[in-house]
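Position 1 is the first residue of the sequence; numbering continues from there.
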Amino acid sequence: MPKAPKTKKGPEQKVIHPYSRKAAQLVRETHKQEKKDKVKNVKAARLNVTGEKLLWFQSRLDPSKTEYSKEEACEIIEKYLHRFDTELLQIELANSIKGRQGRQHEAREAILKQAIERERLQYQENGLEIPDILNVKHLKVFREWDGDLKKLPNIKVKKLSVRDSLSIQKGNNGGKEDSQETPNQDEVSEH
């Protein structure tokens, strides 16, 4: 009769004293891993938001255009800032129905209004980051992007603000405002 194979006994898990150096080492390792996971999740969430934003811009591009001006880019930004208007209107309609107590979808409404306010403020002060559609080469790369978040660093972004659209509008007035300011400055310097 053949002998039964011997079973190997692995090292048994020893009970670790809670105040030992080994316990402290394990605690440090778990804290370190938790921090790495947290940073990874925050970065993934940020990339996801940026990816959704870029996909929105990509879906609004005119396929026949090879280049956009700053004015056209600012128009697209304005459309972007008003992208939640229909949803907010639907929430308003649902809340206006008589006989309902309380407000429905209040949390969603608050989130949308807060996002719109934050983006509007960003657009007015520092500028809103959009894909660089002003440059022909960057626009071509952006159109070829398939929505993969791993390829997101290949897409160049540019900040555009309200000042850019205002400067364009001043330029379209034929410099009337600028010409009025210049003589006043000359008069001041003569006195």
Side-chain angles (χ1 to χ4, degrees), residues 27 30-63 65 67-135 138-172:
V27 167
T30 56
H31 283 310
K32 187 176 181 181
Q33 189 61 39
E34 287 172 1
K35 283 183 182 180
K36 282 182 181 179
D37 292 342
K38 184 179 178 183
V39 167
K40 187 177 178 182
N41 290 339
V42 168
K43 186 176 181 182
R46 191 176 335 116
L47 280 177
N48 196 13
V49 169
T50 305
E52 287 177 10
K53 180 179 177 180
L54 293 180
L55 282 172
W56 187 93
F57 277 101
Q58 191 179 43
S59 68
R60 300 306 186 273
L61 293 179
D62 183 11
K65 287 194 174 189
E67 188 176 11
Y68 284 83
S69 66
K70 278 189 176 184
E71 186 176 286
E72 293 167 331
C74 289
E75 288 174 10
I76 293 174
I77 290 174
E78 284 297 328
K79 289 178 186 175
Y80 177 75
L81 294 174
H82 292 287
R83 70 191 183 282
F84 293 126
D85 287 352
T86 55
E87 190 173 349
L88 286 172
L89 185 63
Q90 288 176 353
I91 292 172
E92 254 183 64
L93 288 173
N95 289 335
S96 68
I97 296 173
K98 292 185 179 180
R100 300 235 179 187
Q101 293 180 347
R103 296 180 53 84
Q104 287 187 328
H105 311 292
E106 189 173 3
R108 178 70 177 157
E109 182 181 15
I111 289 171
L112 292 178
K113 286 183 177 181
Q114 185 181 17
I116 290 169
E117 183 180 331
R118 183 183 63 242
E119 289 169 349
R120 172 77 56 193
L121 189 65
Q122 200 175 28
Y123 179 52
Q124 289 173 349
E125 291 181 0
N126 302 332
L128 192 67
E129 280 190 348
I130 65 166
D132 190 4
I133 57 177
L134 306 178
N135 187 326
H138 296 160
L139 178 61
K140 183 177 182 255
V141 170
F142 180 60
R143 283 202 171 138
E144 293 170 354
W145 179 57
D146 59 355
D148 187 11
L149 296 180
K150 291 178 183 174
K151 297 177 183 175
L152 201 58
N154 296 340
I155 297 172
K156 303 296 180 204
V157 293
K158 187 170 187 124
K159 280 190 175 184
L160 288 179
S161 68
V162 174
R163 290 184 292 255
D164 294 326
S165 64
L166 293 177
S167 64
I168 292 168
Q169 290 173 357
K170 284 183 182 179
N172 289 343

How long is the gap from CG on Leu112 to CD on Gln114, to the nearest 0.5 Å?
10.0 Å
Would you say Val157 and Asp132 make side-chain contact, with heavy atoms under 4.5 Å?
no
So, for Gln58 and Trp145, which heavy atoms are closest and what is the spacing to 0.1 Å?
NE2-O, 2.9 Å
Between Val162 and Tyr123, is the side-chain contact (heavy atoms from CB on, under 4.5 Å) condition met? List the steps.
CA-CA 6 Å; Val162 174; Tyr123 179 52; 3.5 Å; yes
Taking Lys158 for its side chain and Asn135 for its backbone only, find out whether a donor-acceptor pair lies under 3.5 Å.
no
Rounded to the nearest 0.5 Å, what separates atom OH in Tyr68 from atom CG in Asp62?
5.0 Å
If you count heavy atoms of other groups shown closer than 6.0 angstrom to NZ of Lys156, is the number above 12?
no
Do Ile116 and Leu81 have side-chain heavy atoms sitting under 4.5 Å apart?
no
Run the side-chain contact (heavy atoms from CB on, under 4.5 Å) test on Ile133 and His138 for me, step by step, so that the C-alpha distance in whole Å, both residues' side-chain angles and the decisive distance to 0.1 Å come before the verdict.
CA-CA 6 Å; Ile133 57 177; His138 296 160; over 6 Å; no
What's the spacing between Tyr80 OH and Glu119 CD if we round to 0.5 Å?
4.0 Å
Roughly how far apart are His105 NE2 and Ile111 CD1, rounded to 0.5 Å?
13.0 Å
Residue Lys79 excluded, over 12 heavy atoms near NZ under 6.0 Å:
no
Pair Leu160, Leu128 - check side-chain contact (heavy atoms from CB on, under 4.5 Å), show working.
CA-CA 5 Å; Leu160 288 179; Leu128 192 67; over 6 Å; no
Closest approach of Ala73 and Leu134, non-hydrogen atoms and distance?
CB-CD2, 4.0 Å
Full working for salt bridge (Lys or Arg N to Asp or Glu O under 4.0 Å) between Glu144 and Lys140:
CA-CA 6 Å; Glu144 293 170 354; Lys140 183 177 182 255; 3.4 Å; yes
Report yes or no: is the cationic atom of Arg60 (NZ for Lys, CZ for Arg) closer than 6.0 Å to the six-membered ring centre of Phe57, at no more than 45° off its axis?
no
List the atom of Arg143, the atom of Lys65, and the distance in Å for their closest heavy-atom pair.
NH1-O, 2.6 Å
Between CZ on residue Arg108 and NZ on residue Lys113, distance to nearest 0.5 Å:
13.0 Å
Any idea which heavy atoms bring Glu109 and Leu88 closest together, and the distance?
CG-CD2, 4.0 Å
Would a distance-only check, ignoring hydrogens and angles, find a side-chain to backbone donor-acceptor pair under 3.5 Å from Glu72 to Ser69?
yes
From CG (Asn126) to CG (Leu121), nearest 0.5 Å
8.0 Å
Using side-chain contact (heavy atoms from CB on, under 4.5 Å), reason through Ile155 and Leu54 one step at a time and then give a plain yes or no.
CA-CA 9 Å; Ile155 297 172; Leu54 293 180; 4.3 Å; yes
Heavy-atom closest pair (Asn48 atom, Leu149 atom, distance to 0.1 Å) is CA-CD1, 4.1 Å
Return yes if some donor-acceptor pair links the side-chain N/O of Arg163 with the main-chain N/O of Glu125 below 3.5 Å, else return no.
yes
Of the non-hydrogen atoms in Cys74 and Ser161, which two are nearest, and what is the gap between them?
SG-O, 4.2 Å
